[in-house]
Amino acid sequence: MRTQSVITLEQFIIEKEKSNQEATGGFSQIIRDLMLACRIINREVTKAGLVDILGSLNSTNVQGEEVQKLDIYAEKQLIDALKKGGETCAIGSEEQEEIVILNPKGRYVVLIDPLDGSSNIDVNGSIGTIFSIYKRISESGEALVPEDYLQKGRNQVAAGYILYGSSTMLIFTTGNGVNAFTLDPSIGEFLLSHPNIRYPEKCNIYSINEGNYRKLFEGVKQYLRFIKTSNEVKKPYSARYVGSLVADFHRNLLKGGIYLYPGTTDKPSGKLRLLYEGNPMAMLAEQAGGMATNGYTDILDIEPTALHQRTPLFLGNREEVNMIHNFLQVYDQISQLVTNNLGKEKP
Ligand code: AHG
Ligand code: MN
Ligand code: MN
């Protein structure tokens, strides 16, 4: 029989802790807490078609969006696990208007999208949990201050997601590359399956809700026209979009691609949330050799002003993200010139 050495998530965490002189084990505890919660969420997700957990609660979240039962269930598991673990002082969640204090002595702040892509639940599509971890700025035991959770993405100590897809996977980074672990359901362990993930050099996928085309800004429209019609593009791009950031990001990370959720004329800040969607994905992208921008600024350099603030998001292969950045600048300049000239013609 051929034996292959496997590395479990637990072994991986212990090894990393050993190699980090400053590690106190607190951070590892948070990863363990998250994984415990996600195993339980995974169990419910996989039986969602069987039990009466499907469908919406007929309530809306703080962003005015319909909340599915599993969003609430997932959030409860995450809050319970992080509270018991003791290292998390506060959690910010898509489903809670305000930051929730868990352990005043905890040294970390965790921001979560408990269930991402929740419109996919009823159709058995891939969904995920996204997390972002910061060290608090205030001293342990002191009152939490907004600066503790309104930190720019660059300060994240770790970020990642769990993808509940055809397999369940954990993908995370602590700022030293990106590693993916796949849950082996027969032994209940996450095993290292994709060490040190890097974006493939070529970007041949674009992921956008193109139904919004008419509401897009000119730079994004011209970029889309370019990749679909220009002779300079030798191999046609594939359009892939399932409406779940985790699933769309994951495909693009492994296959090479760009994810776009731009601002639109009616919603210039777009739809996605900076703190628990944009920032964690941006850190993963950068650690895998890619990048993320809001079209003008690197996502990781944006100073947040509110827990649920939204951001336009362009995320994926570095060159492709730079290309869209250039399209936006050029078409902004053109529209500025047009506006100025029209102004001059006025009597
Ligand atoms: P959530 O389920 O956490 O509210 O997030 C949904 C997000 C994101 O996952 C996805 O990419 C996007 O919304 C889809 O939006 P559209 O349906 O507007 O394309
Ligand atoms: Mn989401
Ligand atoms: Mn969500």
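In listed order, ligands and their atoms are each counted from 1.
- Glu277 contributes atom OE2 as its closest N/O/S atom to the Mn ion (ligand 2).
- The shortest separation from a heavy atom of Arg273 to ligand 1 is under 4.0 Å, placing the residue in contact.
- When only interatomic distances are considered, the shortest N/O to N/O separation between Val246 and ligand 1 does not fall below 3.5 Å.
- Between Glu210 and the choices Lys228, Arg240, Arg225, the salt bridge (charged side-chain N to carboxylate O under 4.0 Å, His left out) rule is met once, by Lys228.
- Taking the N/O/S atoms of Asp116 in turn, the shortest distance to the Mn ion (ligand 2) belongs to OD1.
- Residue Leu115 has at least one nitrogen or oxygen atom sitting less than 3.5 Å from a nitrogen or oxygen atom of ligand 1, judged on distance alone.
- Within 6.0 Å of CG on Asn124 lie no more than 12 heavy atoms contributed by other residues, nucleotides or ligands.
- In this pair, Phe27 and Tyr108 present their aromatic rings tilted. The plane angle is within the 30 to 60° band.
- The Mn ion (ligand 3) has an N, O or S atom of Glu94 under 2.8 Å away, backbone or side chain.
- The residue from Arg273, Arg310, Lys271 that alone fulfils the salt bridge (charged side-chain N to carboxylate O under 4.0 Å, His left out) condition with Glu94 is Arg273.
- The OD1 atom of Asp113, the Mn ion (ligand 3) and the O atom of Leu115 define an angle of 90° (nearest 10 degrees).
- Within the 4.0 Å heavy-atom cutoff, Asp248 does not count among the residues contacting ligand 1.
- Environment of NZ in Lys221: crowded, with over 12 heavy atoms of neighbouring residues, nucleotides or ligands closer than 6.0 Å.
- Between Ser118 and ligand 1, an N or O atom pair is found at a separation short of 3.5 Å.
- If you look at Phe249 next to ligand 1, there are no close heavy atoms at all, none under 4.0 Å.
- Looking at Asn212 next to ligand 1, no N or O pair under 3.5 Å apart turns up.
- Counting heavy-atom neighbours within 6.0 Å of Glu98 CD, excluding the residue itself, gives a total of 12 or less.
- Donor-acceptor pairing under 3.5 Å is lacking for the side chains of Thr8 and Glu189.
- Ligand 1 lies nowhere less than 4.0 angstrom from a heavy atom belonging to Ile127.
- Contacts between Leu245 and ligand 1 below 4.0 angstrom, taking non-hydrogen atoms only, involve backbone and side chain alike.
- Tyr223 has its ring centre no less than 6.0 Å from the ring centre of Tyr206.
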Before giving the answer on side-chain hydrogen bond (donor to acceptor under 3.5 Å, both in side chains), spell out for Asn176 and Thr174 the whole-Å C-alpha distance, their side-chain angles and the decisive distance to 0.1 Å.
CA-CA 6 Å; Asn176 196 10; Thr174 53; 5.7 Å; no

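- By the criterion of a heavy-atom distance under 4.0 Å, both the backbone and the side chain of Asp116 are placed next to ligand 1.
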